[in-house]
There are 2 protein chains.
Amino acid sequence: MTFSEENYLKTIYHLTSVSDTDISTNAIAEKMETKASSVTDMLKKLSEKDLVNYVKYQGVSLTDKGKLAAKMIVRKHRLWECFLVEKLDFSWDEVHDIAEQLEHIKSEKLINKLDDFLGNPTEDPHGDPIPDANGRIIKVEKQLLSEFEKNQIGICVGVKDTSSDFLKYLDKQEIALGSQIEIIEKESFDSSFRIRVGSKEITISNKIASNLYIK
Amino acid sequence: MTFSEENYLKTIYHLTSVSDTDISTNAIAEKMETKASSVTDMLKKLSEKDLVNYVKYQGVSLTDKGKLAAKMIVRKHRLWECFLVEKLDFSWDEVHDIAEQLEHIKSEKLINKLDDFLGNPTEDPHGDPIPDANGRIIKVEKQLLSEFEKNQIGICVGVKDTSSDFLKYLDKQEIALGSQIEIIEKESFDSSFRIRVGSKEITISNKIASNLYIK
DNA sequence: TATAATTTTTAGCTTTGCCTAAATTTAATT
DNA sequence: AATTAAATTTAGGCAAAGCTAAAAATTATA
């Protein structure tokens, strides 16, 4: 499997986890910042290898084989992110691009030994679940902060957007995984939130609230 | 820099360290298990980028820029080998192929943090020196066991051949880096050696002796 | 030194993965 | 239902990195 094939599988996997309908050529092209015609080429190739179900003009879905392959790539990505943060002391906003490279290293033995070395973590530094060696995922019940109501209290357990900009913003506001968050007020005008994080009170926009997972 | 370019630079670097004359197209082709015509193509490309000095029909050498680039790849390869052996508990005969992949990961910050995490080792699991972040190498005085004389005693500090087969043979004979080796007898007929390793006496062929570094 | 053998390069072709532009299919709108 | 708009595919091309076969340069040998 080439890097490019792996990247397509991963993209289709991520898009599927959002909607769970067939994925359009354009959606893939946009996510991968490439052209629709390139996507069509690759879908034919992946279909040939039985990694996706592809019907011309109708979109794609992953086959069981393709889904497992995608999960193994995600597993590698997230385990490497754990390694970078926990062992090499990277911050959570720096690890994505490096893990994007490391996820393509081919060695089952390596990834399983890395898994053990890290203590078999079930979540990466952004709170996303890590598939086990068989592709099984432990799903954690969680809601977006934006869906919470006034006076509710929860713990931040994940982020939806994992961009460096967003993560740095959270660092600045001292919001981290494990932080306790209490909704003090919901502003109906702009849907912003007044929240308490630890001992501090701050105001966050709806966009921020829509990218924080709470439990 | 592409993976392929990096592999060519690394190969030229290794060939240079053996002979230190200009390297022939065929020598590179043989080492990389590719065709001479492919090598010619790449040499033009590397020359264009000022990474090698290339004169048609006359062979190549690395420029300063090329040599530094090659050393950085070697640095990455050997640091990853240390990681695999020391942290993930791989044996020294398993790490080459994986490090061959890992050496192409692009992130200076990563490799320097890995270096620190490992305690800034100066040698990899086969006793080969690890260039520092500036490309500097600490050379250790060492001789091939085959050049030793009867009754001499030394410590095994490296291996010339790093193939899995050779390393497994050494494991079987309980020869490791740090082992004390004493020459009991040199057999003139086939140039084999009778040696004492720790408390055991064994016979090794000249080929084996020609691939063990002793200090 | 002339010729043979070897090495190296050139020329032209293949595959992968991407692109643009044109054609086709599907979806939306009047 | 017909037409327009949007999405998708096809056709044809490009660059990287490899290959084979033929040409050219270098080296070895008679």
Side-chain angles (χ1 to χ4, degrees), chain A residues 1-16 18-19 21-62 66 69-70 73 100-101 103-106, chain B residues 1-16 18-19 21-62 66 69-70 73 100-101 103-106:
Chain A
M1 189 125 58
T2 66
F3 282 23
S4 191
E5 287 173 337
E6 291 190 341
N7 285 333
Y8 275 93
L9 286 182
K10 193 182 55 167
T11 300
I12 297 167
Y13 177 79
H14 286 314
L15 289 171
T16 302
V18 174
S19 71
T21 54
D22 281 9
I23 306 302
S24 75
T25 301
N26 263 4
I28 298 169
E30 194 178 344
K31 191 92 185 268
M32 298 187 71
E33 298 182 49
T34 183
K35 301 293 166 179
S37 54
S38 306
V39 175
T40 302
D41 285 348
M42 183 56 85
L43 294 184
K44 283 182 194 161
K45 196 176 161 192
L46 294 175
S47 177
E48 203 61 42
K49 294 189 175 188
D50 269 316
L51 292 162
V52 300
N53 306 115
Y54 169 58
V55 182
K56 264 196 203 180
Y57 295 103
Q58 303 300 138
V60 267
S61 60
L62 294 171
I73 300 160
E100 203 87 337
Q101 297 180 62
E103 73 190 5
H104 299 295
I105 301 294
K106 269 127 194 124
Chain B
M1 188 124 62
T2 65
F3 282 23
S4 191
E5 288 173 335
E6 292 189 340
N7 285 333
Y8 275 94
L9 286 182
K10 194 182 54 166
T11 300
I12 297 168
Y13 176 80
H14 286 313
L15 289 172
T16 301
V18 174
S19 72
T21 53
D22 281 9
I23 307 301
S24 74
T25 301
N26 262 6
I28 297 169
E30 194 178 343
K31 192 92 186 269
M32 298 187 71
E33 298 181 49
T34 183
K35 301 294 166 176
S37 55
S38 306
V39 175
T40 301
D41 285 347
M42 183 56 86
L43 293 184
K44 284 183 195 162
K45 196 175 161 193
L46 294 176
S47 178
E48 202 61 43
K49 294 190 175 187
D50 268 315
L51 292 162
V52 300
N53 305 115
Y54 169 58
V55 182
K56 263 196 202 178
Y57 294 104
Q58 304 301 138
V60 268
S61 60
L62 294 171
I73 299 159
E100 202 86 337
Q101 297 180 62
E103 73 190 5
H104 298 295
I105 300 295
K106 270 125 194 123

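In what follows, chains carry the letters A, B, and so on, assigned in the order in which the sequence lines appear, proteins first and then strands, with residues in each chain numbered from 1. FYI, side chains are in, hydrogens and waters are out, and symmetry mates aren't considered; it's all heavy atoms of this structure.
Between the NZ atom of Lys44(B) and the P atom of dT9(C) there is a distance of 8 Å, given to the nearest Å. Following rounding to the nearest Å, Glu30(B) (CD) and dT8(C) (P) show an atom-to-atom distance of 11 Å. The interatomic distance linking Lys35(B) (NZ) with dT7(C) (P) rounds to 14 Å, in whole Å. Distance CD1 (Ile28(B)) to C1' (dT7(C)): 13 Å, rounded to an integer number of Å. In this structure, the CG atom of Leu46(B) is 12 Å from the P atom of dA16(D), given to the nearest Å. In this entry the distance linking CD of Glu5(A) with C1' of dT16(C) reads 9 Å, nearest Å. Distance Lys56(A) NZ to dA7(D) P: 20 Å, rounded to the nearest Å. For Met42(A) and dT15(C), the CE to C1' distance is 12 Å, given to the nearest whole Å.
For a distance-only test at 3.5 Å, the side chain of Ser4(A) fails to qualify as a donor-acceptor partner of the base of dT16(C). Checked by distance alone, Thr25(B) brings no side-chain donor or acceptor within 3.5 Å of a matching partner on the base of dT9(C).
OP1 and OP2 of dT10(D) both lie 4.0 Å or more from every side-chain N or O belonging to Thr40(A). A sub-4.0 Å separation between OP1 or OP2 of dG18(D) and a side-chain N or O of Ser38(B) is absent.
Ring planes of Phe3(B) and Phe3(A): perpendicular class, angle over 60° (limits at 30 and 60°).
Partner of Ile28(B) under the side chain to side chain contact (heavy atoms under 4.5 Å, CB included) criterion, chosen from Lys31(B), Met32(B), Glu30(B): Met32(B). Partner of Leu15(B) under the side chain to side chain contact (heavy atoms under 4.5 Å, CB included) criterion, chosen from Val18(B), Thr11(B), Ile12(B): Thr11(B).
Of the N and O atoms on the side chains of Thr21(A) and Ser19(A), at least one donor lies less than 3.5 Å from an acceptor on the other residue.
Across all strands, Tyr54(A) comes closer than 4.0 Å only to sugar-phosphate atoms, never to a base (heavy-atom distances). Residue-level contact check: Asp41(A) touches the bases, meaning some heavy atom is under 4.0 Å from a base atom. When heavy atoms are screened at a 4.0 angstrom cut-off, Tyr8(A) is found touching the sugar-phosphate backbone but no base atom.
Closest to the side chain of Tyr57(B), from the set dC19(D), dT24(C), dA25(D), is dA25(D). Of the candidate nucleotides dT7(C), dT20(D), dA21(C), dT7(C) has the atom lying nearest to any side-chain atom of Asn26(B). Of the candidates dT16(C), dT10(D), dT9(C), dT10(D) carries the atom nearest the Ser37(A) side chain, counting heavy atoms from C-beta on.
With the nearest nucleotide of DNA chain C identified for both Glu33(A) and Ala27(B), Ala27(B) has the one nearer the 5' end.
Between the CD atom of Gln58(A) and the CD1 atom of Ile23(A) there is a distance of 14.0 Å, given to the nearest 0.5 Å.
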